[in-house]
Amino acid sequence: MMIEKNKKLGYVRNQRGTMIKRCCASCGLREYKDGIRFCTFHGEAVDAKDRCRKWQMSEGMGKAGIGTGVVRDIATKKVVF
């Protein structure tokens with residue numbers, strides 16, 4: 001199974017109807033090691049716009065659009081937005 005580079009990205013909708021790009025940046029199989037995006041399935045470093053047929057929606061992307069989160073200041077923990 002090859003990682004496809006520079007291919008036109010497809011879109012899917014999550015359970016809330018939010019459009020999600022099908023790429024390595026939104027994949028549930030990706031991890032970060034020393035600041036580098038790493039595919040756990042292929043075992044190699046990938047770019048954000050790469051994709052493959054084993055793409056799975058990450059947990060965070062599946063929850064996008066719920067609208068229950070707030071933005072807080074890191075130091076003071078006060079709601080900013």
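Predicted, not measured: the structure shown is a model, and the values here were computed from it.
Using a 4.5 Å cut-off on side-chain heavy atoms (C-beta onward), K49 and D47 make no contact. Within the 4.5 Å cutoff, side-chain heavy atoms of Y32 are placed close to those of R37.
In this structure T40 satisfies the side-chain contact (heavy atoms from CB on, under 4.5 Å) test together with L29, E31, sequence neighbours excluded. Residues passing the side-chain contact (heavy atoms from CB on, under 4.5 Å) test with D34: none are found, sequence neighbours excluded.
Remark: side-chain polar atoms of N14 are paired, donor with acceptor, to backbone N or O of T18 under 3.5 angstrom.
Considering NZ of K21 and CE of M19, their distance stands at 10.5 Å, rounded to 0.5 Å. Rounding to the nearest 0.5 angstrom, the gap separating the CD1 atom in I36 from the CZ atom in R30 is 14.5 Å. Atom CZ of residue R53 and atom CZ of residue F41 lie 11.5 Å apart, to the nearest 0.5 angstrom.
Taking both residues in full, the closest heavy atoms of H42 and C52 are given as NE2-SG, 3.3 Å, listed atom of the first, atom of the second, then distance.
Under the 3.5 Å distance criterion, with hydrogens and angles disregarded, no donor-acceptor pair is assigned to the side chains of R22 and Y11.
Apart from W55 itself, the hydrophobic cluster it occupies contains V12, I20, M57, M61, where clustering links Ile, Leu, Val, Met, Phe, Trp and Tyr at side-chain heavy-atom distances under 4.5 Å.
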